[in-house]
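Some notes on the structure that comes next.
Below, chains carry the letters A, B, ... as their sequence lines are ordered, and counting in each starts from 1.
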Protein chains: 2
Amino acid sequence: MTEVCKIYEEHLDKILKAQEKLPDEETILEISDFFNALGNPTRLKIVFALLEEELCTCDLSNITGLSVSAISHQLRILKDRKIVAYKKDGKNVFYRLDDEHIRQILKIALRHMEE
Amino acid sequence: MTEVCKIYEEHLDKILKAQEKLPDEETILEISDFFNALGNPTRLKIVFALLEEELCTCDLSNITGLSVSAISHQLRILKDRKIVAYKKDGKNVFYRLDDEHIRQILKIALRHMEE
DNA sequence: TCTACATTTGAACAATTGTGCAAATGTCTT
DNA sequence: AAGACATTTGCACAATTGTTCAAATGTAGA
C-alpha cells in the first residue's frame, strides 16, 4: 500500500474498534477458504448434487459433464476444506457432504438470491 | 472434456435424478458468485468490519492496511453482488451490509470453523 | 499375474484475479 | 474559480486458478 488517506479524528474510534473486533488473519484465511470452495460453479454443482445422496467421482463427472480428472481435482479441494467426506468401496470412492452447516448455508444463500 | 467414464446401470437413476434437481446454470453462477465474493481475505475483512457499523472507503483502508484503491476495487465487487449497500455523504461514501442473510451466513461459517 | 477400469496426480497452459499506480471524477470550502 | 481531499477507474503485471492430458496408482476379477 502506498496511498494513505487521512484519518478523521472522529473516525479514529470506529477504526480502532473495528480493528479490534476483526478476527485474526488465520481465522480470516480459513473462513475465506471455506467460502472460496463454494465460490466456483463446478464445485458448487458437486455440492448441490451431493445434497440428495452420496455419489462417486464417475457419477459426478456424468452429472456435470466435466472430465473425471477435473472433478477429482475439485473434489480434493472440497475434501481439504472439510466440505465433503468420502468412503472407499472397491474401485469406487463415494463422496458426501461433511456436515449439516453446508446444507444450512446453501439454504440461506438460495433465499438470499430470491429477492 | 475428453475422458468420460461408463455410467453404471445401477447408478443411472441417481445420475438422472441428481441432474434434474441441480439448479440451472444461471442460478449456479449467481450463487457461486455470491460465495466467491466472500471467498477472498480482503473482501471478507471488509464484511467483518461492516458487521458493527457502517464505514467509509477510507476507514476500511485504514482498518485493513490496504490501499484505498484496492479497497475501492473490492467494494465494487461486493456492491455488484449485493453484499454491501452504500450511501453518499459529502466527500465520503459509507458502506454497510446489504441484508440480514449475510450476518446469518457468517455466523454459521464461524460455527462451522469451530470444530 | 494380467487386464480392465475407477481414481488420483503432476505438468502445462490459458484465463482470471488482486493489487498498486496514475489519472479522472466528485464534493466541499475558501 | 481554485485547492484539498475522498473516491473511482483503467491499465499493467504478478499470482492464482481451472482445465486437460498423460502417466501413475488402486482394486477387483479372470
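With distances taken from any side-chain atom of B:C58 to the nucleotides C:dT19, D:dG18, D:dA6, the minimum falls on D:dA6. The nucleotide whose nearest atom lies closest to any side-chain atom of B:L66 is, among C:dA6, C:dT19, D:dT19, C:dT19.
In this view, B:K88 and B:Y86, B:V93 satisfy the side-chain contact (heavy atoms from CB on, under 4.5 Å) rule, not counting sequence neighbours. Residues meeting the side-chain contact (heavy atoms from CB on, under 4.5 Å) test with B:L22, sequence neighbours left out: A:K45, A:F48, A:A49, A:I63. For A:K21, the side-chain hydrogen bond (donor to acceptor under 3.5 Å, both in side chains) criterion is met by no residue, not counting sequence neighbours.
Between B:H101 and A:H112, the ring planes lie perpendicular to each other; the angle is over 60°, past the 30° to 60° tilted range.
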Exercise. For nucleotides 24-30 of chain C, read 5' to 3', which letter fits each nucleotide if B means a protein heavy atom sits under 4.0 Å from the base, S means only the sugar-phosphate is that close, and - means neither?
Worked result: --BBS--
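Protein atom CG of A:D59 is 14 Å distant from nucleotide atom C1' of C:dC5, rounded to whole Å. The CG atom of B:L75 sits 9 Å away from the P atom of D:dT7 (whole-angstrom rounding). Protein atom CD1 of B:I71 is 13 Å distant from nucleotide atom C1' of C:dG20, rounded to whole Å. Computed from coordinates, the B:N62 CG to D:dT7 P distance equals 10 Å when rounded to whole Å. In this structure, the CG atom of A:L29 is 14 Å from the C1' atom of C:dG18, given to the nearest Å. Straight-line distance from the CG atom of A:D80 to the C1' atom of D:dT17: 15 Å, rounded to whole Å. Here the C1' atom of nucleotide D:dG18 and the CG atom of A:L78 are 13 Å apart, to the nearest Å.
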Just the table, please: protein N/O against nucleotides 10-17 of chain C N/O, every pair under 3.5 Å.
{"from": "C:dG10", "atom 1": "O6", "to": "A:H73", "atom 2": "NE2", "distance (Å)": "2.8"}

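The residue among A:I77 and B:T57 whose nearest nucleotide of DNA chain D is located toward the 5' end is B:T57.
Regarding contacts with the backbone of D:dT27, every side-chain N or O of A:N92 stays at 4.0 angstrom or more from both OP1 and OP2. Remark: A:S67 is not in phosphate contact with D:dT19, judged by side-chain N or O atoms under 4.0 Å from OP1 or OP2. For the pair A:Q74 and D:dT17, the criterion of a side-chain N or O lying under 4.0 Å from OP1 or OP2 is not met.
Residue contacts shown for B:S72 include a base, since a base heavy atom lies under 4.0 Å away. Note on A:Y86: nothing from the nucleic acid sits closer than 4.0 angstrom, heavy atoms only. Contacts of A:A70 with the nucleic acid, taken as non-hydrogen atoms under 4.0 Å apart, include base atoms. Using a 4.0 Å heavy-atom cutoff across all strands shown, A:Y95 reaches sugar-phosphate atoms only and no base atom.
By the criterion of side-chain heavy atoms lying less than 4.5 angstrom apart, applied directly or through intervening Ile, Leu, Val, Met, Phe, Trp or Tyr residues, A:I102 is grouped together with A:L110 in one hydrophobic cluster. B:L97 and B:L38 fall within a single hydrophobic cluster, where Ile, Leu, Val, Met, Phe, Trp and Tyr are joined by side-chain heavy atoms under 4.5 Å apart, directly or via other members. Both B:I108 and A:V47 belong to a common hydrophobic cluster when Ile, Leu, Val, Met, Phe, Trp and Tyr are linked at side-chain heavy-atom distances under 4.5 angstrom.
Salt-bridge annotation for B:R103 and B:E100: present, with a side-chain N of the basic residue lying under 4.0 Å from a carboxylate O of the acidic one. Ion pairing of B:E54 with B:K87 is present here, as a side-chain N (NZ or NE/NH1/NH2) and a carboxylate O approach within less than 4.0 Å.
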May I have the list of side-chain donor-acceptor pairs in residues 71-81 of chain A shorter than 3.5 Å, sequence neighbours left out?
{"from": "A:Q74", "atom 1": "OE1", "to": "A:R43", "atom 2": "NH1", "distance (Å)": "2.7"}
{"from": "A:R81", "atom 1": "NH1", "to": "A:D33", "atom 2": "O", "distance (Å)": "3.0"}

